[in-house]
There are 2 protein chains.
Amino acid sequence: MKLASLKSGRDGKLVVVSDDLTRMADASEIAPTLQSALDDWATVSTQLEALQSKLNSGEVAGEAFDQAMCHSPLPRAYHWADGSAYVNHVELVRKARNAEMPDSFWTDPLMYQGGSDTFLAPRAPVVMPQSEGFGIDFEAEIAVITDDVPMGVSPEGALKHIKLVMLVNDVSLRGLIPNELGKGFGFYQSKPSSAFSPVCVTPEQLGDAWQQGKLHLPLVSHLNGGKFGEPNAGVDMTFHFGQLIAHAAKTRPLGAGTIIGSGTVSNKLDGGPGKPVKEGGVGYSCIAEIRMIETIQDGKPTTPFMQFGDSIAIEMLDDKGQSIFGRIEQVVEQQ
Amino acid sequence: MKLASLKSGRDGKLVVVSDDLTRMADASEIAPTLQSALDDWATVSTQLEALQSKLNSGEVAGEAFDQAMCHSPLPRAYHWADGSAYVNHVELVRKARNAEMPDSFWTDPLMYQGGSDTFLAPRAPVVMPQSEGFGIDFEAEIAVITDDVPMGVSPEGALKHIKLVMLVNDVSLRGLIPNELGKGFGFYQSKPSSAFSPVCVTPEQLGDAWQQGKLHLPLVSHLNGGKFGEPNAGVDMTFHFGQLIAHAAKTRPLGAGTIIGSGTVSNKLDGGPGKPVKEGGVGYSCIAEIRMIETIQDGKPTTPFMQFGDSIAIEMLDDKGQSIFGRIEQVVEQQ
């Protein structure tokens, strides 16, 4: 099943979307918002599945679906926690700021909680008061939405609480990170509002691409129209989503509608860092990584962080080339 | 005006409460939940004020108000960020774990984002899988709820976005903090679900006690029935709530219903750490502080962290001895 939230009020209006993303049907009589559906998922999801099935078959005609009308599937959420499951990315980014990486990072997930009260729409600009010194970066990631998760859930047990999957641009302000992390309380100002893909889908919808809490397909990022990365989200993911959820739920239950992110998707190459797309590699899901590679190769980074007017697009295609979640497309703008 | 959310569904049922906390009137026809009221505060608050005024005067009879029927004013919220405005507390706690405190902490607020999807009711137990090694501690704090706050708001401008004030027990797991902060991403597992006071009130309701974003009254904590602390929340607060909100909104707007906490309330004495209540001091708003004093005095801490069965009560009285926000009363229980 595929779901989206049309822009409407603070929480959007729930629609089911056809598998090919061309049509939609109003689902607001079943549940007015995605959050309300998640609050009662066991009951509501069956009705939503039935409606989407009729939309797919043509029994319900529906209307044309326009991704530009979408807000993020949850325009605001009660919990958004982002892991760093691709430890390769963590290792590179820390090298870039001359920070050591403890060995425990390979066994104990890193996770931070991000702002979830003001998510951006998938086509909304990233508005910032300044670019100079902020180091505006995108991060292309996978995210899942859970139902209610009990405290102390096991990694295996957590897998069945994953109800929906989507993409996310976890905007990061690299210039603010060293000072903020130096204070010891983690990210806050350095992680402004994130944007999610126009459409979220059930794990079942992903077929064989979804296995044991990992999504085995390339995540494609275009920076200013040029392909920047297409690493496979199922490769080099040290912690699967069940492990990330279990980490999040160690000392508290998670409320329905909790969003857990994978961290920046990153693939190694021959045991080392990957190569840029233009050199035949799978590239990167954020600018910080390529800057690290450039520093290793040339002594200094040459790819700048995002400036006003720069654009980022994030998408994932199935094995037939069909967009699964629709496309995040954002331009950086001055406030 | 005083408001509360009776336990009902996931988001509670909004009631207005009489100034003396003895009676309440159903406000759900004006706004079903506190979040819905905050989403449209400019319109809704006037109607709520009118109803509360009639309840106070007796024109509306209302019903008996029972704090035990309350959930936290926002049973779940889209944003809960806790500052550390009483830098004295930060200095002591860091000393206790042999961590240096940079001078910038006196000018640049510390803030972490906490879990807001599963708040505890004010009389709900703090349920934990274990006490041994977790170092279960309470933290008595003041918190404010904002309406929509624009990105880049000034500290002075932020003050007018404070719509409601309440108390919070920011439960902390001291045993998990050093390892978690050592990872560099800040608190997550070490900050389980928080509980808020049964009642939240408008700044206007606080009269002269509310001045320039600070609440000038003692915050009283009882640990296992004995008075543990009564520091004045208006004293030694290095950053007022306008400054904390401006810090939170530097790189993103804040959504209506954002909760910003003060951090553990802590008063100095003659420029140094305060004294325990039993020695004639104003005591402390968390166990970690008294343990630090004990370590300084005796070489080791003697007050244990909370064990299963231990209780904490947090309250604030006005100058007539009347409880303003009702009373947080929690017992630590095993899962």
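Letters A, B, ... are given to chains in the order of the sequence lines, protein chains preceding strands, and every chain is numbered from 1.
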Between [options], which has the largest tally of heavy atom pairs under 4.5 Å with chain A?
options                                : value
B:His79, B:Gln113, B:Lys191, B:Met151  : B:Gln113
B:Gly182, B:Ser190, B:Gly114, B:Gly257 : B:Gly114
B:Pro102, B:Gly115, B:Pro192           : B:Gly115
B:Asp148, B:Thr258, B:Leu173, B:Val171 : B:Asp148
B:Ala81, B:Gly184, B:Ser84, B:Ala77    : B:Ala77

Self-check item: Lys/Arg-Asp/Glu bridge criterion (N-O < 4.0 Å) met for A:Asp40, B:Arg10
Solution: no
Quiz item: Within residues 249-256 of chain B, which positions have a heavy-atom distance to chain A below 4.5 Å?
Solution: B:Lys250, B:Thr251, B:Arg252, B:Pro253, B:Leu254, B:Gly255, B:Ala256
Practice problem: Could you verify whether a donor N or O on one side chain and an acceptor N or O on the other, from B:Tyr78 and A:Tyr78, lie under 3.5 Å apart? | Solution: yes
Contact part of [X] toward chain A, heavy-atom cut-off under 4.5 Å: side chain, backbone, both or neither?
X        : result
B:Asp82  : neither
B:Pro75  : neither
B:Gln35  : side chain
B:Ser193 : both
B:Val127 : both
B:Gln335 : side chain
B:Ser116 : both

Quiz prompt | Residue pair A:Asp108, B:Asn179: steps toward the side-chain contact (heavy atoms from CB on, under 4.5 Å) verdict | solution = CA-CA 11 Å; A:Asp108 181 26; B:Asn179 182 50; 4.1 Å; yes
Quiz item: Is the A:Tyr188 ring parallel, tilted or perpendicular to the B:His247 ring (thresholds 30°, 60°)?
Solution: parallel
Quiz item: More than 12 foreign heavy atoms under 6.0 Å from NZ of A:Lys7: is that the case here?
Solution: yes
Practice problem: Give, for atom CG of A:Asp117 and atom OG1 of B:Thr146, the distance between the pair rounded to the nearest 0.5 Å. | Solution: 8.0 Å
Quiz item: Okay, side chain of B:Lys183, backbone of A:Met111: is any donor-acceptor separation there less than 3.5 Å?
Solution: no
Quiz item: Between A:Gly152, A:Ser104, A:Pro129, A:Ala248, which shows the greatest number of heavy-atom pairs under 4.5 Å with chain B?
Solution: A:Ala248
